[in-house]
Asker: 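The structure under discussion is supplied below as structure tokens; questions concerning it will follow.
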2 protein chains.
Amino acid sequence: MKNHHRSVKILRRGDLAKLTGCNLETIRYYENIGVMPEPPRTSKNYRAYDESHVGRLRFIMRARELGFTLDEVRDLLALVDGGVQTCGEVQGLAISHLASVRAKIDDLKRIERVLSSTVAQCTGDDVPECPVIDALTEVT
Amino acid sequence: MKNHHRSVKILRRGDLAKLTGCNLETIRYYENIGVMPEPPRTSKNYRAYDESHVGRLRFIMRARELGFTLDEVRDLLALVDGGVQTCGEVQGLAISHLASVRAKIDDLKRIERVLSSTVAQCTGDDVPECPVIDALTEVT
DNA sequence: CCTTGAGCCTGTATCAACTACAGAGCCTAG
DNA sequence: CTAGGCTCTGTAGTTGATACAGGCTCAAGG
């Protein structure tokens, strides 16, 4: 049996995709925009990833799930990569991101209030009068 | 004085933009994608809008503010334009949209919880240990 | 009369964050 | 030996706009 735990197992793009649940094409995209590093290539020009790339990609995906933009992810990675990152710097990014998340929640809640109160007035009948349309058409 | 209330005053694109607060280019965009009708043109090929276009554009803008996608707006307009729209049909669209708004709120709230509890653990010091980075790097 | 500026026209490029596809190369199993 | 599955590249499409270039037209001022 080759490839037991002695040698460093290389991963191809598809392997990395499967391990992380990331879309195959997205990996290449992340490389293009510089959030994933250009990996070494095999003699046949295939990308050769290792465990470190799995970690990096998982980091990116987790940050994206938390709603950080790719620009923000780049900032976070720069701090991590720089090795000089301090808790204070990272906290700053997270706090300002948190503020924008809260703003979005407030916006959506406002929308939710308007929509639900409007829908509540609907008869749901086969009649052409509709409070939703009225609300949208309103000349107020 | 010409153009007192007797004749129908025509509006140019810039007028429509000013009246509604819509961006000038966005009006053309809405025409291209078919949510605004192609207006008649003057002899010099200028778009000639009237009051009905103001109403239509305001409708679109209000729906967008409420988070309806342009596809959903198209559906709403089709119901209104068809003349056969019933309160029930419109209510259906609004309800399903409401559901997606609520889902988005829930997502963001989850993110908010994770972020705020993580940030709360930060010391904010000039040290390289950072709970935010830990949360992102976590191998759990 | 001429110029200058404002407004309009068109088509096309840009943004985020992906996703997808075409056309080619490579490798392995049957 | 060939069929398939994987990889490679570059490029296009998505949503909802926004911006810009290059060219017309029009009204006012000098």
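So that the names make sense, note that chain A is the first sequence line, chain B the second, and so on, each numbered from 1.
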Asker: Cluster question for you: counting only ILVMFWY and a side-chain heavy-atom cut-off of under 4.5 Å, with indirect links fine, are Val80(A) and Leu136(B) together?
Answerer: yes
Asker: What's the CD-P distance between Glu65(A) and dA17(C), to the nearest Å?
Answerer: 15 Å
Asker: Do any side-chain nitrogens or oxygens of Asn32(A) fall under 4.0 Å of OP1 or OP2 in dA17(C)?
Answerer: no
Asker: Is any side-chain N or O of Tyr30(B) under 3.5 Å from a base N or O of dG16(D), one able to act as donor and the other as acceptor?
Answerer: no
Asker: What's the CG-P distance between Asn23(B) and dC20(D), to the nearest Å?
Answerer: 11 Å
Asker: Rounded to whole Å, please give me the gap between CD1 in Ile10(A) and C1' in dC27(C).
Answerer: 14 Å
Asker: Rounding to an integer number of Å, can you tell me how far Arg12(B) CZ sits from dC26(D) P?
Answerer: 10 Å
Asker: Using atom CZ of Arg28(B) as one end and atom P of dA21(D) as the other, report the distance to the nearest whole Å.
Answerer: 14 Å
Asker: Identify, between Phe68(B) and Ser43(B), the residue whose nearest nucleotide on DNA chain D lies closer to the 5' end.
Answerer: Phe68(B)
Asker: Is there a salt bridge (Lys or Arg N to Asp or Glu O under 4.0 Å) between Glu25(A) and Arg28(A)? Walk through the geometry before answering.
Answerer: CA-CA 5 Å; Glu25(A) 300 290 297; Arg28(A) 198 157 57 94; 3.4 Å; yes
Asker: Send over the distance from Tyr46(A) OH to dC26(C) P, rounded to a whole Å.
Answerer: 8 Å
Asker: May I ask you to decide whether Asp71(B) forms a salt bridge with Arg74(B), counting only side-chain N to carboxylate O separations under 4.0 Å?
Answerer: yes
Asker: Is a side-chain donor or acceptor of Arg12(A) paired with a backbone partner of Leu16(A) at a separation under 3.5 angstrom?
Answerer: no
Asker: In whole Å, what is the span from the CD atom of Glu31(A) to the C1' atom of dC18(C)?
Answerer: 16 Å
Asker: Considering just the side-chain nitrogens and oxygens of Lys44(B), establish if one lies under 4.0 Å of OP1 or OP2 belonging to dC26(D).
Answerer: yes
Asker: Considering only side-chain heavy atoms of Arg13(B), which listed nucleotide, dG16(D), dC9(C), dT9(D), is closest?
Answerer: dC9(C)
Asker: Can you tell me if the side-chain N/O atoms of Arg47(A) get under 4.0 Å from OP1 or OP2 in dC8(D)?
Answerer: yes
Asker: Could you state whether Leu24(A) and Val54(A) fall into the same hydrophobic cluster, counting links through intermediate Ile, Leu, Val, Met, Phe, Trp or Tyr residues with side-chain heavy atoms under 4.5 angstrom apart?
Answerer: no
Asker: If only side-chain N and O atoms of Arg64(B) are considered, is one of them under 4.0 Å from the OP1 or OP2 phosphate oxygen of dA17(D)?
Answerer: yes
Asker: When you match Glu25(B) and Gly14(B) each to their closest nucleotide on DNA chain C, which lands nearer the 5' end?
Answerer: Gly14(B)
Asker: Can you find a side chain N or O atom of Thr26(B) that sits less than 4.0 Å from OP1 or OP2 on dT18(D)?
Answerer: yes
Asker: Would you kindly give the CG-to-P distance between Leu24(A) and dT9(D), to the nearest whole Å?
Answerer: 12 Å
Asker: Please determine whether a side-chain nitrogen or oxygen atom of Arg41(B) lies at a distance below 4.0 Å from atom OP1 or OP2 of dT10(C).
Answerer: yes
